[in-house]
Number of protein chains: 2
Amino acid sequence: MLEDRLLIIKKESCFFYEGDELKGIFFIYKGKVKVHKKWGEDKELIVRFAGEGDIVGHRGLGKQNIYPVSATTLEATSACFIDLNLFETSLKVNYDLMHKLLMFYAEELQDSEKNMRNLAHMPVKGRVAYSLLNLKAKFGVTKEGYINISLSRQDLASFAGTTYETTFRVLSELSNEGLISFEGKEIVILNDKNLAKVFD
Amino acid sequence: MLEDRLLIIKKESCFFYEGDELKGIFFIYKGKVKVHKKWGEDKELIVRFAGEGDIVGHRGLGKQNIYPVSATTLEATSACFIDLNLFETSLKVNYDLMHKLLMFYAEELQDSEKNMRNLAHMPVKGRVAYSLLNLKAKFGVTKEGYINISLSRQDLASFAGTTYETTFRVLSELSNEGLISFEGKEIVILNDKNLAKVFD
DNA sequence: CGCAATGTTGAACAAGGTCAACTGTGGTGG
DNA sequence: CCACCACAGTTGACCTTGTTCAACATTGCG
């Protein structure tokens with residue numbers, strides 16, 4: 001029963017698009033996903049990342065049943081698709097689930113608004129630093145100390161709300177200052193405290 | 001019983017501050033309120049406006065019981081304060097309330113993320129235009145056609161995520177283009193459709 | 001070996017923020 | 001009644017930030 005809703009999604013594939021009709025939500029068993037929003041043809045903003053145990057697609061709930069964002073896997077991902085009806089029914093039946101979801105939304109909203117303020121007022125360097133610390137907090141580090149998510153520069157840029165090139169320069173800067181170090185996509189934060197001082 | 005929780009708040013006063021301990025939420029009977037977040041000493045971003053029938057302070061729900069935003073009246077306002085315990089209890093008892101709240105959060109989250117993307121990628125002129133249309137949609141217009149909220153330039157700037165002076169220039173520009181007209185704080189949108197074309 | 005994709009850097013440019021001056025307007029006291 | 005001041009409204013000039021574009025380097029892979 002459950003099995004026929006279990007999806008295996010390969011790396012770098014978009015499993016729902018901004019504007020699509022809302023069919024249901026996804027529960028991530030394994031893998032990592034970016035949730036993003038387009039602007040024009042070639043610009044996007046990554047709104048959030050989701051990993052193991054997170055849900056994706058819930059943002060579509062509300063008046064118009066349309067996904068307001070797209071979701072794309074960053075690595076091979078397995079997820080459970082939960083039909084909208086089933087989900088709504090579960091909510092009706094399970095008070096606790098609904099309450100958890102409510103709290104989850106509340107947290108997300110706080111996050112989102114902090115990000116808004118950052119985009120409006122924080123300079124790029126701060127935003128990149130903030131993004132890195134965010135990623136570390138969410139995904140942790142590997143045993144070698146690298147942030148446990150392998151992200152293209154472009155994705156990092158889209159997350160920080162800036163361009164590829166600028167992200168690049170900022171990253172070298174931070175590296176020169178001894179706050180981080182990296183080889184390709186693998187990034188280590190050497191000094192959390194001082195990295196946090198870049199903003200704030 | 002209800003009366004002792006009814007508050008009359010005079011114009012331009014902040015009734016809770018970002019960082020305050022969360023005591024409860026406010027239900028606005030009458031008046032208008034801005035919900036804002038500080039950056040540094042002198043910069044702020046207005047995250048949302050609330051009017052009659054809206055609730056304020058719910059953003060504090062979540063892990064740490066702290067208001068993540070401040071709330072300040074724009075006009076004389078009457079509001080009902082609902083103690084956090086009472087509110088939580090009501091949620092437990094009233095399935096429908098909880099569901100409505102959930103949907104409300106979902107909408108807010110969508111809004112917030114649209115705003116994030118706009119801040120990241122939309123130029124200032126577009127953001128101001130977007131803000132004006134937003135305000136019109138939320139508060140409607142007076143019989144003379146003015147947007148039914150009287151906002152200082154500074155507040156409009158903080159809502160659009162820009163500076164006082166820039167807002168000013170953009171407003172004159174829009175006025176020259178025949179899209180809006182204004183006398184002091186009172187603004188009319190002359191051409192919704194073309195104003196929307198400024199962004200998008 | 002060569003080509004494509006991605007990484008790296010420099011330079012020019014544009015948007016918007018900052019600062020400061022100027023204008024008008026409405027008190028306030030002589 | 002007018003001179004003066006305080007203060008928001010208004011505008012100009014400049015400067016910083018970050019984007020854009022384009023060149024060049026490096027890597028990986030057929």
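All chains are named by letter (A, B, ...) in the order of the sequence lines, taking the proteins before the strands, and each is independently numbered beginning at 1. Just so it is clear, the model here is predicted, and its values are computed rather than measured.
- Among the atoms of the strands shown, none is found under 4.0 Å from any heavy atom of B:Lys125.
- Between B:Glu113 and A:Lys37, none of the side-chain N atoms (NZ, or NE/NH1/NH2) sits under 4.0 Å from a carboxylate O, so this pair counts as no salt bridge.
- Distance, A:Leu119 CG to D:dT17 P: 18 Å, rounded to whole Å.
- As rounded to whole Å, 12 Å separates atom C1' of D:dG18 from atom CD of A:Glu173.
- As a whole-Å value, the separation of B:Phe182 CZ from D:dT10 C1' is 10 Å.
- The nearest whole Å value for the distance from the NZ atom in A:Lys185 to the C1' atom in D:dT27 is 13 Å.
- Relative ring orientation between A:Phe16 and A:Phe26 is described as parallel, the plane-to-plane angle staying below 30° on a 0-90° scale split at 30° and 60°.
- Protein atom CZ of A:Arg153 is 10 Å distant from nucleotide atom C1' of C:dT6, rounded to whole Å.
- Listed nucleotides D:dT10, D:dT20, C:dG7 differ in distance to A:Tyr164; the shortest reach to its side chain belongs to C:dG7.
- As rounded to whole Å, 12 Å separates atom P of D:dG18 from atom CE of A:Met122.
- Of the candidate nucleotides D:dG18, D:dT19, C:dC19, D:dT19 has the atom nearest to the side chain of A:Thr162.
- Taking the ring axis of A:Phe182 as reference, the NZ or CZ atom of A:Arg153 stays within 45° of it and closer than 6.0 Å to the ring centre.
- In the set C:dT9, D:dT19, C:dG17, the nucleotide with an atom closest to the side chain of A:Phe168 is C:dT9.
- In this structure, the CD atom of A:Gln154 is 11 Å from the P atom of D:dT19, given to the nearest Å.
- At the phosphate of C:dG16, neither OP1 nor OP2 sits under 4.0 Å from any side-chain N or O atom of B:Thr166.
- The base of C:dG17 does not come close enough to the side chain of B:Arg169 for any donor and acceptor atom to sit less than 3.5 Å apart.
- Between the C1' atom of C:dG17 and the CG atom of B:Asp42 lies a distance of 12 Å, rounded to the nearest Å.
- Between A:Tyr164 and A:Phe168, the ring planes are parallel. Angles under 30° get that label, and only those over 60° would be called perpendicular.
- Taking every side-chain heavy atom of A:Glu165 into account, D:dT20 is the closest of C:dG17, D:dT20, D:dT10.
- Salt-bridge check for B:Asp111 with B:Arg48: failed, with every basic side-chain N at 4.0 Å or more from each acidic carboxylate O.
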